[in-house]
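What follows is a short report on a single structure.
Here is how names work: the chains are called A, B, and so on, in the same order as the sequence lines, proteins then strands, and each is numbered from 1.
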2 protein chains.
Amino acid sequence: MTNKNVFLKKLCMTRSEENYIKIIFHLGGNTSTLISTNAIAEQMATKPSSVTDMSKKLAEKGLLHYKRYQGVTLTELGVKVALSIIRKHRLWEVFLVEKLDFTWDEVHEVAEQLEHIKSEKLIDQIDALLGYPKYDPHGDPIPSKDGEFLERDKQLLSDMPKQSIGVCVGVKDTSTPFLKFLDKNQIALGNTIKVLDIEDFDQSLSILINNKKLNISHQIASNLYVKKQN
Amino acid sequence: MTNKNVFLKKLCMTRSEENYIKIIFHLGGNTSTLISTNAIAEQMATKPSSVTDMSKKLAEKGLLHYKRYQGVTLTELGVKVALSIIRKHRLWEVFLVEKLDFTWDEVHEVAEQLEHIKSEKLIDQIDALLGYPKYDPHGDPIPSKDGEFLERDKQLLSDMPKQSIGVCVGVKDTSTPFLKFLDKNQIALGNTIKVLDIEDFDQSLSILINNKKLNISHQIASNLYVKKQN
DNA sequence: ATAAATTTTTAGACAAATCTAAAAATTGGT
DNA sequence: ACCAATTTTTAGATTTGTCTAAAAATTTAT
Ligand SMILES: [Mn+2]
Ligand SMILES: [Mn+2]
Ligand SMILES: [Mn+2]
Ligand SMILES: [Mn+2]
């Protein structure tokens, strides 16, 4: 067991603290970019004053660097914690889809709860049961036990040129309406998509998927990730 | 969906409230027996004054009957809530043992967390995945979705007469030391036990299990449930 | 450079769940 | 029936995480 994992074990984090760390990570706090109080407040659906209070507490605990009026960045330890929560969230999502017949628009809400369960054995066994999956149902990468993960080579469908071909590998928007729309139009991860045409007027696309022609708006295309075929 | 299940859905219960309801049920609050403030405090590892506060809140919510200085009993709704938590707890315990290779002494701690996850679909799918089990790893019955469950025909091994035969169906003590002791001596649920002799001096038993003779103390026998063979 | 707008922090309050200490009610022994 | 012991409740304080309103710092615009 690494030295960092020992710290992880001793740290006792409340559910609220864990949610702050996770959201700061998603806002880019893993790099040295400073994350603003307001940005965190918006994501947490809370007030900036609450964020300030929590930032002080998390800095005290060694999870982030906080300078008044500047913003925060995660410490190395903070990144570790963030990755461990994201790992749990995404593994539970896979579990729900693979083992319990959940649809990909139902899993997020439940995973938000399950990600806070404290048991190292539990999540490692779930990982094993699932065969150590690399990606969650939305195409997002699952960090390994020691925090490693590969960001996939992907781009937005809306950034693909005419006549190019790609494989659908993820979604940017994970809202139920968007995912239901994809289901209705039989667009799923793994499908091959060819961009037939892009309309000058509104950037809407004509694509070939499942051997069928389909017209989709720019907004749809800008929320679908594909891996370009060379 | 029954009328009561509709109530269950609307009720939003905190983790602490759920734990109080569960413990009151286990103390016998499903009958009309009054449960004392002190008894609840002891089980909850909290102070009587805290129990009084919570009793008022839960009575306000319609989950229990509370009369000052008298004690509490669960309402019909309170019993429903208790059974739904116990159902979740025990199903998760089965899941951990059957699907994730947990041992029967490891499951309780994790189930204490998992029992509070809010998702009807989640627990119903776990139930289905497990093949609708009737008993948990410790031999305790699992309430069905609508709160029905059979208490098993069982008695303590220490209450069995000489020469009688029974099948081990449950444990009274679920502590790790006791369960580890049973593992070490290869005593498991489902095993047939014959009482060969009972020592007058200390009530220790000589039993036949797995075709081997074994001596166990009265304390061990008084924490093992068996179903008597006719 | 100064003023205006925005962001962030502070100060003080609140709800939930807990605690301690003291008061009130109940129970039990004689 | 009385006193003493026990149980239970009340009153007031504490911690966590949040809020509002006001003050302070920073950023943007003129
Ligand atoms: Mn998610
Ligand atoms: Mn996801
Ligand atoms: Mn248990
Ligand atoms: Mn059990």
For the side chain of A:Ser16, starting at C-beta, report the closest nucleotide among C:dT10, C:dT18, D:dT18. D:dT18

Between D:dT6 atom C1' and B:Glu42 atom CD, what is the distance in whole Å? 15 Å

Rounded interatomic separation in angstrom, taking CD1 from B:Ile40 and C1' from D:dT8: 12 Å

Between D:dT16 atom C1' and A:Met13 atom CE, what is the distance in whole Å? 14 Å

Residues B:Asp146, B:Arg87: salt bridge by 4.0 Å N-O rule: no

Between P on D:dT16 and CG on A:Asn19, what's the gap in Å once rounded to a whole number? 18 Å

May I ask you to verify if any side-chain N or O of A:Tyr66 is less than 4.0 angstrom from the OP1 or OP2 atom of C:dT8? no

Between P of D:dT7 and CD1 of B:Ile35, the distance in whole Å: 16 Å

Length of the CZ-P vector between A:Arg15 and D:dT18, whole Å: 12 Å

Would you kindly check if the NZ (Lys) or CZ (Arg) of B:Arg152 is within the cone defined by 45 degrees around the ring axis of B:Tyr225 and under 6.0 Å from the six-membered ring centre? no

Would you tabulate the pairs of protein nitrogen or oxygen atoms and nucleotide nitrogen or oxygen atoms of nucleotides 20-22 of chain D closer than 3.5 angstrom?
from, atom 1, to, atom 2, distance (Å)
D:dT20, O4, A:Ser49, OG, 3.0

Between A:Ser204 (side chain only) and A:Glu199 (backbone N and O only), is there a donor and an acceptor less than 3.5 Å apart? no

Spell out, as yes or no, whether a donor-acceptor pair under 3.5 Å connects the side chain of B:Arg90 to the backbone of B:Pro141. yes

Can you see whether B:Ser16 engages B:Thr14 through a side-chain donor-acceptor pair at a distance of less than 3.5 angstrom? no

Counting only side-chain heavy atoms from C-beta out, which of D:dT10, D:dA25, C:dT18 sits nearest to A:Arg68? D:dA25

With distance as the sole criterion, is a donor-acceptor pair present between the side chains of A:His89 and A:Asp136 under 3.5 Å? no

Given C:dT26, D:dA24, C:dT18, which nucleotide is nearest the side-chain atoms of A:Tyr69? D:dA24

To the nearest Å, give me how far apart CG (B:Leu34) and P (C:dT27) are. 11 Å

Can you tell me the distance, in whole Å, between the NZ atom of A:Lys56 and the C1' atom of C:dT8? 10 Å

OP1, OP2 of C:dT7 versus side-chain N and O of A:Ser36: anything below 4.0 Å? no

It should be established whether B:Lys67 places a side-chain nitrogen or oxygen under 4.0 Å from OP1 or OP2 of nucleotide D:dT8. no

Output yes when at least one side-chain N/O atom of A:Asn38 is less than 4.0 Å from OP1 or OP2 of C:dT8, else no. yes

Indicate whether the side chain of B:Ser36 and that of B:Asn38 have a donor and an acceptor atom separated by less than 3.5 Å. no

